[in-house]
Number of protein chains: 2
Amino acid sequence: MRLSNLADYAVITMCQAALHCGNGRVSAAELAAETGLPVPTVQKLVSKLTGAGLLRSVRGAHGGLQLGRPAAAITVADIVEAIEGRIALTACVDHTPCDFEAACNMKPHWPIINNALRGALAGITLAQLRGPVVLARNEDAPAPTPIIEETLS
Amino acid sequence: MRLSNLADYAVITMCQAALHCGNGRVSAAELAAETGLPVPTVQKLVSKLTGAGLLRSVRGAHGGLQLGRPAAAITVADIVEAIEGRIALTACVDHTPCDFEAACNMKPHWPIINNALRGALAGITLAQLRGPVVLARNEDAPAPTPIIEETLS
DNA sequence: TCCAATTCGGACTGATTCCGTCCGAATTGA
DNA sequence: TCAATTCGGACGGAATCAGTCCGAATTGGA
């Protein structure tokens, strides 16, 4: 039950891309240099992230990447699912047939556990990660970072 | 982010063992026959489960297995951790050094997510699984399943 | 006391998946 | 046309996982 390394790297990459938001486009090579990740790895990541709509890519000279939608509308769950596919701790959550359902009393419980995990991931947006670290535990706290949404050219 | 098959099987095995609680001891072969799991696999599982104290093994003729403590005191989290080790979605949760901490804003958030997952697993005991199935809340995404294939062969 | 039956426990092998790298094709602006 | 950049697939190495097998330990009965 480990997050794959690629999914972890994708979160770091998206976080770095969010920092460049508003400053035009950024290349995959730049993101790699800033994060310390290997360039080919970042290229593979942005390929999937673009396919999921989380990034927008512009080809050609002076091309590059930018966020596909406002940072506040991108959650960690979105990023993880873009890399790993639908979050599913077990096969039965995916409605995939299982050979041992007959003796399994857990089947009704796995969706609940799965939702707890997904909810925790979906509760963190790129906007929160970009700003100063604020633990999103108490909802009475004032809005952490009133970020002005950038225009998507 | 998938639970390993062995951890999943361990939950099924423990669940079956709980059904035998009070009826003396049960052998690994019996558990395998009742659950449909391969016998060597069950043997491997009970080995780890016994080491974690979740099961108690008695060797020799007429030996067998029994729960290491009351079913109400064994949670799914205990079982998963007995097989997979400490629940840790990322390396930093385990306090394992990570090469990309410098550019990672997620580090303070992972423990929160990890606790959400572990809490969900720790909220289900063997006693609950043994009894009739009761859903706490059924808000599982019905998964619209945008499946193209309409052909029913 | 010894033997045999039954069990647990650990070591080994094959397979699958994952990670990282590389290269060529396609696209755009100068 | 040339240069810069993204996109897609193919390849090899590594790690982990699943499954199988065999040996060690223990108990009950003769």
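Letters A, B, ... mirror the listed sequences (proteins, then strands); counts begin at 1. None of these values were measured; they are calculated from a predicted model.
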Proximity to the side chain of Asn5(B) - top-ranked nucleotide from dC8(C), dC19(C), dA18(D) = dA18(D)
List for me each residue that meets side-chain hydrogen bond (donor to acceptor under 3.5 Å, both in side chains) alongside Thr75(B), sequence neighbours excluded, and say none if there are none.
-> Asp78(B)
Between Asp8(B) and Arg2(B), is there a salt bridge with N-O shorter than 4.0 Å?
-> no
Nearest-nucleotide check on DNA chain D, Met1(A) vs Ala29(A); residue mapping nearer the 5' end is Ala29(A)
Looking only at side chains, do Glu30(B) and His20(B) share a donor and an acceptor under 3.5 Å apart?
-> no
Expressed in angstrom and rounded to an integer, what is the separation of Arg2(A) atom CZ from dC17(D) atom C1'?
-> 15 Å
Any residue meeting salt bridge (Lys or Arg N to Asp or Glu O under 4.0 Å) with Glu81(B), in chain and number order, not counting sequence neighbours = Arg118(B)
May I ask you to test the Tyr9(B)-Thr35(B) pair for a side-chain heavy-atom distance under 4.5 Å?
-> no
Got a sec? Which of residues 31-49 of chain A come in under 4.0 Å of DNA chain D, heavy atoms?
-> Lys44(A), Ser47(A)
To the nearest angstrom, how far is Ile83(A) atom CD1 from dG20(C) atom C1'?
-> 15 Å
Looking only at side-chain atoms of Ala28(A), point me to the closest of dT6(D), dT26(D), dA30(C).
-> dT6(D)
Taking Met14(B) as the fixed residue, which of Ile79(B), Val46(B), Leu31(B), Val76(B) is the one that meets the side chain to side chain contact (heavy atoms under 4.5 Å, CB included) rule?
-> Ile79(B)
Would you kindly compare Glu84(B) and Val58(B) by the position of their nearest DNA chain D nucleotide and give the one closer to the 5′ end?
-> Glu84(B)
